[in-house]
Amino acid sequence: MELSSRYDPKEHEAGVYQRWLDSGAFTPAPEPPPGAEPFVIMIPPPNVTGVLHMGHALNGTIQDIVIRFRRMQGYDALWLPGTDHAGIATQAVVEKKLFAEEKKTRQDLGREAFLEKVWEWKEHHGNAILEQYRRLGASCDWTRTRFTMDADLSRAVRESFLRLWEKGLVYRGARLVNWDCVLQTAISDDEIENVERKGKLWYLRYPIEGEWGETITVATTRPETMLGDTGVAVHPDDERYKKWIGKRAILPFLDRPIPIVADESVDPSYGTGAVKVTPGHDPADYERGMRHGLPIVNVLNKDGTINAEGGHHFEGLSREKAREEVVQGLLDLDLLEKIEDIKHTVPLSDRSKSVVEPLVSEQWFVKMKELAEPAIRAANDGSLVFRPERWKKVYLDWLENVQDWCISRQLWWGHQIPIWYDEDGVPAGSREDLEIGSKHPSTGKPIVRQDADVLDTWASSWLWPFATLGWPDATKDLARFYPTHFLSTAREIIYLWVARMIMAGYEFMDELPTSERCAFSVCNVHATVLDAKGKRMSKSAGNGIDPIDVIEQYGADAMRYSLMMLTREGQDVRLAENRFEEGRRFTNKIWNAARFVMMKMGGERDEVTSATATAIEDRWILSRLADTIEGVTRELDGYHFNDAATRLYRFVWNDFCDWYLELVKSRLEGDDASARAARGTLARVLRDTLALLHPFTPFQTEVLWDAMHETLGQQKEAMLVRSAWPDGAGLAVDADAEREIGVLQGVVRAVRNVRAMTTIGDRKPLAAVVAAPRADELAVIEAAKERIAALAVLSSLEAGADLPRPSGSAAAVAGTIQVFVPLGEDVDTAALRDTLERRAQKLRGAIGGLEKKLENEGYLANAAPEVVEEDRAKLVEQREELALLESNVAGL
RNA sequence: GGGCCAUUAGCUCAGUUGGUUAGAGCGCCACGUUGACAUCGUGGAGGUCAGUGGUUCGAGUCCACUAUGGCCCCCCA
C-alpha cells in the first residue's frame with residue numbers, strides 16, 4: 001500500500017467506518033464468547049431535534065474510548081445508541097415549521113394529524129445526530145438503536161407508570177406548578193432558570209374593613225396577581241400589625257374582603273412586613289393559604305391572560321397589560337404608596353425563555369421520597385461511583401431534599417397518560433388502550449375519554465438502561481447486558497436524568513438482587529466545553545465550534561486526540577479552534593513514523609523480545625513499550641483518559657520517534673542479524689503502538705493496521721477494532737537499558753548544547769572527547785560510540801575515565817560526564833562564558849538550598865531516611881557538576 | 001444565605017499521598033533539514049505558583065481568611 005507523506009483523514013474515514021459496519025464489529029456476537037464478561041454503555045440519548053455540539057463530541061469520544069478499550073480487552077462490549085423524543089423541543093420545532101410553511105397551528109390540525117406531522121419530521125430528520133456520531137467514529141451497535149417513542153419503549157413507559165400508580169406512588173392533585181404561558185404546559189422545577197433582573201417593588205394599600213381611612217400596605221413584585229389575593233399575612237409578633245390580625249382587608253377593584261392572618265413565615269423586616277397572600281400564583285403563598293384555609297383563586301388563563309376571576313376590568317388582558325392597568329388603577333384610587341427599584345430573580349422557562357407563572361392546576365405527580373432511598377444508598381455504599389467524586393455530594397443533596405415530580409405535560413408529542421375516565425371522572429389505568437364507550441373495569445360505566453396529558457420526557461429516559469434491552473419482558477439482552485457499567489454525561493442532568501435512572505433501576509428491576517439493580521456502576525461527569533474566553537458554548541450565543549467542521553478540517557482522530565489532551569477529569573476546558581492543531585500534528589507524526597517503519601521492512605526480520613534483544617536501543621524501546629502498555633492500561637482502567645493520552649504522546653513522539661528511530665536508522669540497510677533484529681523490534685513496537693492508540697485515533701490506526709499487515713506479508717487475523725489489547729508478552733522493563741540510554745542521551749544532548757550555545761551549527765562534524773570518571777558510564781559510552789557519533793554528528797569520539805581537556809575546546813556537562821568539543825576560530829567565547837556562568841549560578845543556588853536543608857536538624861530528624869539519602873546523593877552530584885562547570889568556564 | 005470549581009510561563013493546561021533546579025503543547029528567539037514527518041529536527045529565553053496569615057524541619061501541594069472569575073442549590077413578598 002502506498003501511503004502519502006501526509007495523513008489525509010478525508011481519504012480514509014468514511015471507508016474505514018463502512019468496513020467496520022460491514023464487518024459487524026460493533027455488534028456483540030449472538031452468543032457471548034466463553035468467559036467474556038459483558039461491558040455495557042448506554043448513550044445519553046440526544047434529542048431527536050439535536051445537532052452535535054462539542055459537548056457531544058467530547059462525551060462521545062470518552063464513551064468510544066472506553067468501549068473500544070473494553071472490546072479489545074475481550075469484554076462482550078455493547079454501546080447502545082438512540083435518541084430521545086424530547087417532548088417540548090420537538091413539538092416546538094414542528095409547530096414552528098407548520099406555521100412557517102402552512103400558517104397553521106397544531107390546534108388547526110388536531111391531535112392526530114399533528115402527531116402524524118411530528119412522526120413525519122422524525123423519520124426525515126430524526127437520525128441526523130446519530131449520523132454525526134458516526135462521523136466521530138462512535139462504535140455503537142447501530143442494530144440496537146432505540147428511540148424513546150418506539151413501540152417497545154412506549155410499552156415500558158406505560159408499564160412503569162401503571163406500576164407506580166398501582167403502588168400508590170403516582171397521584172393526581174391540584175398543585176401549584178410552574179406554567180409556561182408560551183408553550184402552555186407545566187414544566188418541572190428542573191426546567192427553570194432563575195435569572196437576575198432589574199424590577200420594581202410596588203407598595204399597595206388595602207383598606208381595612210370597617211376602619212374608615214385605615215389601610216394596610218403590602219409590597220409586591222407582581223401587582224397584577226393582587227386580583228387573586230385571598231388574604232394578607234403579617235408576623236404574629238409584629239407590633240405594628242397586631243391590632244389588625246383577625247380583621248379583614250378589602251381587595252381593591254374586586255371589593256373582596258380578605259382576612260388578615262398571622263404567619264411565622266413573614267419577615268417583618270422585608271418590605272412593609274405585611275404580605276399579600278395569593279395562593280393561586282405563588283408557591284410560598286400557596287403554603288400560607290393552606291395553613292390558614294384561604295381559598296385559591298386562579299386569575300390566569302393558560303395563555304397567561306387574565307380570566308373572569310380577575311374581574312371584568314381586567315379580563316382578557318395579557319399579564320403585562322394587566323400589570324400596567326392595575327398600577328394605574330391603584331394610582332387613581334390613591335392606593336399606590338410608592339414604587340422601589342430592586343433586583344430580583346425571575347424564573348424563566350428553559351425552553352421558551354418566557355417568565356414562568358406559578359399557577360394551580362391539576363397535574364400528575366410521582367412521590368419521590370421512597371424512590372430516592374435506594375438511590376441514596378447506592379451512592380453511599382459504593383454501588384454507584386462518581387468521577388470526579390465531588391458530584392456524589394451534588395447528587396445526594398438533591399435526592400435528600402427531593403420534591404415530588406410533576407410528571408404530566410400538556411403537550412401532544414409524548415407518551416399519553418394511560419388513564420381513562422368514565423362519565424363520572426373515575427380513573428382507570430390500563431396496559432391496553434381502552435375503547436371509548438367500553439366498560440370501565442371497576443365501575444362498569446362507559447369510558448368517555450383518555451387523559452389528554454402526556455408524560456414528561458424524563459419519564460421515558462429514566463428507563464433507558466433497561467427499557468432499551470426489552471424490559472418489561474425478560475429478554476436475553478436484558479439478562480446479558482443489565483446492569484450497565486459506565487455512564488458518561490454532562491453535569492446539567494445529574495438530577496434530571498442520572499438520579500432518576502438509578503431510582504428506576506431499583507424500582508423496576510426488582511427481580512434482581514439489590515446489589516445488581518444499580519443501573520450503572522460508574523458515572524463519569526465530563527468537562528464543560530467553554531469558548532476561548534471562558535464562556536459556555538451555546539447555540540444562542542453563537543460561540544460554538546461545530547465538531548463536524550472540525551472533523552472536516554482536522555479529521556475525527558485529531559479532534560478526538562486534542563479533546564483528550566485538553567480535558568482532564570471533568571475540569572472545564574477553554575477551547576479555541578486552533579487547539580485542534582495539536583491532534584493533527586500528532587496524528588501526522590504517527591502516520592509518518594508508521595510509514596517509515598514500513599519503508600524499512602524490505603528484508604528479513606527476526607522476532608524480538610526483551611529476553612532476546614541484544615542491541616541497547618532495542619532493549620530500551622521494548623522496555624519503554626512494556627512500561628507504556630502497563631501505564632496506558634492502568635490509566636484507562638481508572639478512566640484517566642488524559643493521562644493515558646499523554647503517556648502515548650510521550651512514548652510515540654519522544655521515545656520512539658526522537659530517539660529510537662534515530663538510533664536504529666543505520667542498522668536497517670543490510671540483512672545481517674542486527675538489521676533483522678531491528679526490523680523485528682520495529683514491527684513489534686508498531687503493532688502494539690497502533691493497538692494502544694486505537695481507542696483514541698480509531699480511523700487512522702485501522703488504516704495503518706491494514707497497511708502494516710500488507711507490508712509485513714502477514715495474514716491479518718482481524719481488523720484492529722476487533723484485535724486484542726496488547727498484553728506485554730515477551731516484554732519487560734529493563735532498568736539497565738533505561739540507564740544506559742540515559743547516559744547516551746546525556747552525551748548527545750551535551751554536544752548539541754555546545755553547538756546551540758555557539759555558532760558551530762548542527763551539521764559540522766566534530767571530534768569530541770568525553771571524560772567519564774565512572775566506569776559503568778564509560779563502558780556504556782565505549783559501547784555506544786558509533787550511535788552517539790551518528791546522533792551528535794561527530795567525526796570521532798574519544799572516551800576515557802580521565803581525559804584532559806583539549807585546548808581550544810568547550811565542555812558540556814551531563815552529570816559527572818564531561819564532553820569536550822573543539823571550538824572554531826570564530827566562536828564567541830565571551831558569550832559562551834556568560835551562558836555557562838549563568839548555569840553555574842543557578843546550580844549554586846540549588847546547592848545552597850540543599851546544603852541548608854541538610855544542615856537543618858529538624859529535617860534530618862523528621863524526614864524519611866530515604867528522602868535524606870536522596871538529597872545527600874543529589875548534593876554530591878550537583879557539587880561535582882558545578883565543579884566541572886566552573887573548570888569549563890575557567891578553561892575557556 | 002448555603003455549596004462547588006478555578007487562579008502555576010505571553011496563551012491553554014499538567015504537577016498523584018507535602019521533600020527534583022516547578023513541567024508540557026502552542027507562541028517567541030537562535031540554529032538546522034532535497035530520503036518518515038516544515039503538520040519536521042536541535043537548543044534557548046520566559047514563572048516572587050492570585051494575596052495574606054497559619055500548620056510543618058520543609059508548602060504550588062495541607063488549614064483559615066481575602067480578592068477575582070465561573071457554576072449550582074435555596075430564598076425575599
Side-chain angles (χ1 to χ4, degrees), chain A residues 3 5-7 194 201-202 218-222 225 233 265-267 269-278 282 284-285 288 342 344-345 388 390-391 393-394 397-398 401 491-492 494-495 528 530 532 534-536 554 558 562 565-568 570-576 578-579 581-582 584-600 640 642-643 646 649-650 657-658 661-662 665 748-749 751-763 791-792 835 839 842-843 845-847 849-850 853 856-864 867-868 870-871 874 878:
Chain A
L3 299 179
S5 71
R6 287 185 180 192
Y7 172 59
N194 287 301
L201 195 56
W202 284 270
V218 296
T220 180
T221 52
R222 296 195 301 156
T225 64
S265 71
V266 179
D267 177 0
S269 65
Y270 191 88
T272 61
V275 186
K276 61 193 273 302
V277 181
T278 324
D282 183 282
D285 287 358
R288 290 185 187 115
I342 56 159
H344 64 143
T345 53
R390 66 186 133 92
W391 295 108
K393 188 169 140 47
V394 174
D397 283 349
W398 185 78
N401 301 298
R491 70 190 55 157
E492 290 85 10
I494 290 176
Y495 315 131
T528 301
L530 310 172
K535 283 234 192 299
R536 268 187 86 90
Y554 298 85
S562 295
M565 291 295 279
L566 283 167
T567 61
R568 203 187 146 70
Q571 184 58 51
D572 292 354
V573 59
R574 290 186 183 201
L575 196 60
N578 62 10
R579 296 269 127 207
E581 294 288 353
E582 189 175 357
R584 176 157 66 180
R585 280 161 20 88
F586 185 54
T587 51
N588 193 60
K589 191 72 178 176
I590 297 165
W591 182 259
N592 276 291
R595 208 162 61 91
F596 174 75
V597 170
M598 290 182 226
M599 279 177 190
K600 298 296 180 187
H640 299 133
N642 175 270
D643 292 326
T646 305
Y649 187 94
R650 295 259 157 81
C657 294
D658 289 348
L661 290 184
E662 295 306 322
K665 267 177 182 171
V748 172
R749 285 200 178 107
V751 177
R752 288 173 176 167
N753 229 297
V754 176
R755 289 182 188 275
M757 285 187 295
T758 63
T759 52
I760 295 171
D762 286 357
R763 296 304 287 175
L791 293 194
T835 308
R839 284 190 191 173
K842 219 171 165 182
L843 200 51
I847 289 169
L850 260 185
K853 196 166 161 188
N856 185 328
E857 281 175 31
Y859 171 68
L860 297 174
N862 294 310
V867 171
V868 177
E870 266 172 41
D871 277 348
K874 204 188 307 163
Q878 289 184 358

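A, B, ... follow the sequence lines: proteins, then strands. Residue 1 opens every chain.
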Selected nucleotide, minimal atom distance to A:Gln571 side chain, candidates B:U39, B:A77, B:C5: B:C5

Within the 3.5 Å criterion, strictly below it, is a donor on A:Asn592 or A:Arg595 matched to an acceptor on the partner's side chain? yes

Under 4.0 Å between any heavy atoms, over every strand shown, what does A:Arg755 touch: base, sugar-phosphate, or nothing? Just pick one. nothing

Nearest atoms (heavy-atom pairs only) where A:Asn588 meets A:Tyr7: OD1-N, 3.2 Å

Taking N or O atoms only and anything under 3.5 Å, show me the protein contacts with nucleotides 41-44 of chain B, one pair per line.
residue, atom, partner, partner atom, Å
B:G41, OP1, A:Lys589, NZ, 3.3
B:G41, OP1, A:Trp653, NE1, 2.5
B:G41, N2, A:Asp762, OD2, 3.2

Have a look at A:Arg584 and say if it touches a base, only the backbone sugar-phosphate, or nothing, with a 4.0 Å heavy-atom cut-off. base

Rounded to the nearest angstrom, tell me the gap between atom CG in A:Leu575 and atom C1' in B:C13. 13 Å

For a quick check of understanding: with a heavy-atom distance under 4.0 Å over all strands, which category does A:Ile847 fall into, base, sugar-phosphate or nothing? nothing

Hey, is the side chain of A:Arg6 poking within less than 4.0 Å of OP1 or OP2 on B:U39, counting only N and O atoms? yes

If every non-hydrogen atom of A:Gly273 is compared with every non-hydrogen atom of A:Val266, which pair is closest and at what distance? O-CG1, 3.4 Å

Given the P atoms of B:G47 and B:G35, what is the spacing between them in whole Å? 39 Å

Check the distance between B:A14's P and A:Asp643's CG and give it to me in whole angstrom. 11 Å

Gap in Å between the two P atoms, one belonging to B:C62 and one to B:U20, rounded: 15 Å

The Watson-Crick or G-U wobble partner of B:G32, with both key distances under 3.5 Å, is B:C40

Considering all heavy atoms, the nearest A:Val218-A:Thr272 contact: CA-OG1, 3.7 Å

Between P on B:U12 and CZ on A:Arg568, what's the gap in Å once rounded to a whole number? 18 Å

Most 5' of A:Glu581 and A:Asp871 on RNA chain B, judged by nearest nucleotide: A:Asp871

Intermediate values then yes/no, salt bridge (charged side-chain N to carboxylate O under 4.0 Å, His left out), A:Lys853 and A:Asp871: CA-CA 9 Å; A:Lys853 196 166 161 188; A:Asp871 277 348; 3.2 Å; yes

Verdict with supporting geometry, A:Arg288 and A:Ser265, side-chain hydrogen bond (donor to acceptor under 3.5 Å, both in side chains): CA-CA 8 Å; A:Arg288 290 185 187 115; A:Ser265 71; 2.7 Å; yes

P atoms of B:U39 and B:U34, separation to the nearest Å: 16 Å

Looking at every non-hydrogen atom in both residues, tell me the closest pair between A:Ala558 and A:Thr587 and how far apart they are. N-CG2, 4.0 Å

Are A:Asp643 and A:Arg568 within salt-bridge range, i.e. N to O under 4.0 Å? yes

Under a 3.5 Å limit for both distances, which nucleotide forms a Watson-Crick or G-U wobble pair with B:C62, could you say? B:G54

Flag the pair A:Trp398 / A:Ile494 as yes when at least one side-chain heavy-atom distance between them is below 4.5 Å, and no otherwise. no

Could you work out the separation of B:C74 and B:U16 based on their C1' atoms and round it to a whole Å? 36 Å

Tell me whether A:Lys665 forms a cation-pi arrangement with A:Phe596, defined as NZ or CZ under 6.0 Å from the six-membered ring centre and within 45 degrees of its axis. yes

A:Val275 has a side chain; which of B:A77, B:C37, B:U21 sits nearest to it? B:A77

May I have the distance from A:Glu662 (atom CD) to B:C40 (atom P), rounded to whole angstrom? 15 Å

note: A:Met565, atom CE; B:G15, atom P; distance rounded to Å ~ 13 Å

Side-chain N or O of A:Arg579 less than 4.0 angstrom from OP1 or OP2 on B:C11? no

Mate of B:A24 across any strand shown (Watson-Crick or G-U wobble, both atom pairs under 3.5 Å) is B:U12

Which pairs, protein N/O on one side and nucleotides 54-64 of chain B N/O on the other, fall under 3.5 Å?
residue, atom, partner, partner atom, Å
B:C57, O2', A:Asn856, ND2, 2.4

Between B:A77, B:G19, B:U12, spot the one nearest the side chain of A:Leu566, thanks. B:U12

Which of the following nucleotides, B:A36, B:C37, B:G25, is nearest to the side chain of A:Cys657? B:A36

Would you call A:Arg584 and A:Glu581 a salt bridge, taking side-chain N to carboxylate O under 4.0 Å as the test? yes

Please give the distance between the C1' atoms of B:C63 and B:U12 as a whole number of Å. 30 Å

Heavy-atom closest pair, residues A:Gln878 and A:Leu850: OE1-CD1, 3.6 Å

Considering only NZ, NE, NH1 and NH2 on the basic side and carboxylate oxygens on the acidic side, decide whether A:Asp572 and A:Arg491 come within less than 4.0 Å. yes

Of all the heavy-atom pairs spanning A:Ala863 and A:Val868, show the shortest one and how long it is. CB-CG2, 3.9 Å

Starting at the 5' end of RNA chain B, which residue's closest nucleotide do you reach first, A:Glu870 or A:Arg288? A:Glu870

For A:Arg595 and B:U39, what is the distance between atoms CZ and P respectively, to the nearest whole Å? 13 Å

Atom CG of A:Leu3 to atom C1' of B:G35: distance rounded to whole Å? 16 Å

B:A59 and B:G18, which share atom name C1', separated by this distance in whole Å: 6 Å

Output one line per pair: protein atom, nucleotide atom from nucleotides 68-73 of chain B, and distance, for all N/O pairs under 3.5 Å.
residue, atom, partner, partner atom, Å
B:C72, O2', A:Tyr495, OH, 3.4

note: A:Ile760, atom CD1; B:C31, atom P; distance rounded to Å ~ 14 Å

For B:G32 versus B:C13, give the span between their C1' atoms, rounded off to a whole number of Å. 30 Å

Watson-Crick or G-U wobble partner for B:C71, using a 3.5 Å limit on both distances? B:G3

How far does the P atom of B:C57 sit from the matching atom of B:G25, given to the nearest Å? 39 Å

Side-chain donor-acceptor contact under 3.5 Å, A:Lys276 with A:Thr278: yes

Tell me what A:Ala284 touches on the nucleic acid: a base, only sugar-phosphate, or nothing, going by heavy atoms under 4.0 Å. sugar-phosphate

